[in-house]
Amino acid sequence: MQATALSESFPLVTDRLSDRLASRLAAQIASGALRPGDRLPTEQQLAASHGVSRTVVREAVHQLKSQALVTSRQGLGCFVAQAPLHRPLAFDPAVLDSVQSVVDVVEVRRVLEGEIAALAAQRASRSQIAELRRALKAIDVAAAAGQDGVAEDLAFHRVIGEATGNPQFRLLLGFLEQYLREGMRITRGNEARRLDFMEAVQNEHRAIVEAIAARDPVAARRHATQHLIRGEQRLVEGGVITGQRRRALARGAKPATPTAKPKRATRSTTKRDTP
């Protein structure tokens, strides 16, 4: 399977006009072209100058308000806000423009989740460990039913975050989910194409759970980190990652799966009973 053909199998979320306009206005604020206290052009003026509808303008301005970049004054319009002391965490919507950008977000997740799993191994309650096992089973059930399992996979990692006992990890993972969902859709779509990939993912998930249940933070950290590294390796083998990053990963990592001819996942195998 050629990389271009495989990439076309996993189309990314189309960038909305409101996202583009919000990013453009935010860039003008960041560069100083629009200064604190400056009044934004009216909806009609913004729509005309950027060639979009007033609905698009309203959505873009709403995004800027949610980021505390602009404020509205009744009867006067919207104004550039003073720079806050504590700016909200946000990624540029363009992070979803390409497979490569999505993989970059997955790399951010890799840095976090090893430590999150280690803390969960130290702090998880018995009920949280039981919840982890239920979340793991939900992934297998979704896969057996021919579903992508993205929601179930995200829920599994969310439970690990909650098991740390630190609510900030839950909030951080909740923020990242809006970007990780697309990355996980790509990785799980790639993995569903091959039975050996699917089995590897199941085994990696189980290893994380067993390390947490065994109260072994070192093993939990290692298994969580290796799970994400191997996920990137599977993207390399599946032809989703190309170019310099693909070559770097191929040089720096051992194959995640056997080099023998891969087994193809079929409907009969994906619906097999799971433990």
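No experiment lies behind these values; they were computed from the predicted model shown.
- Between the CZ atom of R54 and the OG1 atom of T42 there is a distance of 7.0 Å, given to the nearest 0.5 Å.
- At a threshold of 4.5 Å between non-hydrogen side-chain atoms, the residues E191 and D148 do not count as touching.
- Contact annotation: the side chain of L21 approaches that of V57 to within less than 4.5 Å [non-hydrogen atoms, C-beta and beyond].
- Between atom CZ of residue R134 and atom CD of residue Q128 there is a gap of 10.5 Å, rounded to the nearest 0.5 Å.
- In plain terms, the two heavy atoms of G114 and A224 that are nearest each other are CA-CB, 4.0 Å.
- The shortest distance between side-chain heavy atoms of I160 and I208 falls below 4.5 Å.
- Defined by atom type and a distance below 3.5 Å, a donor-acceptor pair is missing between the side-chain atoms of H223 and E204.
- Shortest non-hydrogen contact noted between A121 and A211 is CB-O, 4.1 Å.
- Taking CG of L34 as the start and CZ of R39 as the end, the distance is 12.5 Å to the nearest 0.5 Å.
- Follow the hydrophobic side-chain contacts under 4.5 Å out from L228 and you never reach L173; the two are in separate clusters.
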Using the salt bridge (Lys or Arg N to Asp or Glu O under 4.0 Å) rule, take R194 and E199 through it: C-alpha gap first, then chi angles, then the decisive distance, then the call.
CA-CA 9 Å; R194 285 175 49 172; E199 291 174 344; over 6 Å; no
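- Taken from CD in Q226 to CD in Q233, the straight-line distance is 9.5 Å, to the nearest 0.5 Å.
- In the hydrophobic cluster analysis, where Ile, Leu, Val, Met, Phe, Trp and Tyr join through side-chain heavy atoms closer than 4.5 angstrom, L119 is grouped together with L112.
- The side-chain heavy atoms of V201 and R188, taken from C-beta on, include a pair separated by under 4.5 Å.
- Between the side chains of H157 and R109, at least one donor N or O lies within less than 3.5 Å of an accepting N or O.
- We find that E162 and R123 are not joined by a salt bridge, their nearest charged nitrogen and carboxylate oxygen being 4.0 Å or further apart.
- What you find for A81 and T71 is that their closest heavy atoms are CB-CG2, 3.9 Å.
- Annotation: side chain of I29 is in contact with side chain of V70 (closest heavy-atom distance under 4.5 Å).
- Classification of R221 and D216 as a salt-bridged pair fails, no side-chain N sitting under 4.0 Å from a carboxylate O.
- Under a hydrophobic clustering in which Ile, Leu, Val, Met, Phe, Trp and Tyr are joined whenever their side-chain heavy atoms come within less than 4.5 Å, directly or via other members, I116 and L136 fall into the same cluster.
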Kindly determine whether V80 and R35 satisfy side-chain contact (heavy atoms from CB on, under 4.5 Å), including the steps that lead there.
CA-CA 6 Å; V80 177; R35 299 175 179 274; over 6 Å; no
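- Considering only heavy atoms from C-beta on, R24 comes within 4.5 Å of H50 through its side chain.
- Between Q63 and A22, the shortest heavy-atom contact is OE1-CB, 3.6 Å.
- Side-chain atoms of F156 and V209, non-hydrogen and from C-beta on, do get closer than 4.5 Å to each other.
- Annotation: the span from I129 atom CD1 to L132 atom CG amounts to 7.5 Å, rounded to 0.5 Å.
- Closest approach of A200 to R234, counting heavy atoms only: CB-NH1, 3.7 Å.
- Using a 4.5 Å heavy-atom threshold, the side chains of Q202 and I139 count as separate.
- The two residues I212 and A124 come nearest to each other via the heavy atoms CG2-CB, 4.1 Å.
- Put simply, L17 and L64 are part of the same group of oily side chains (I, L, V, M, F, W, Y) that touch within less than 4.5 Å, one to the next.
- A donor-acceptor pair is defined here as one N or O able to donate and one able to accept, closer than 3.5 Å; no such pair exists between the side chain of T225 and the backbone of R222.
- Atoms NZ and SG, on K65 and C78 in that order, are 4.0 Å from each other to the nearest 0.5 Å.
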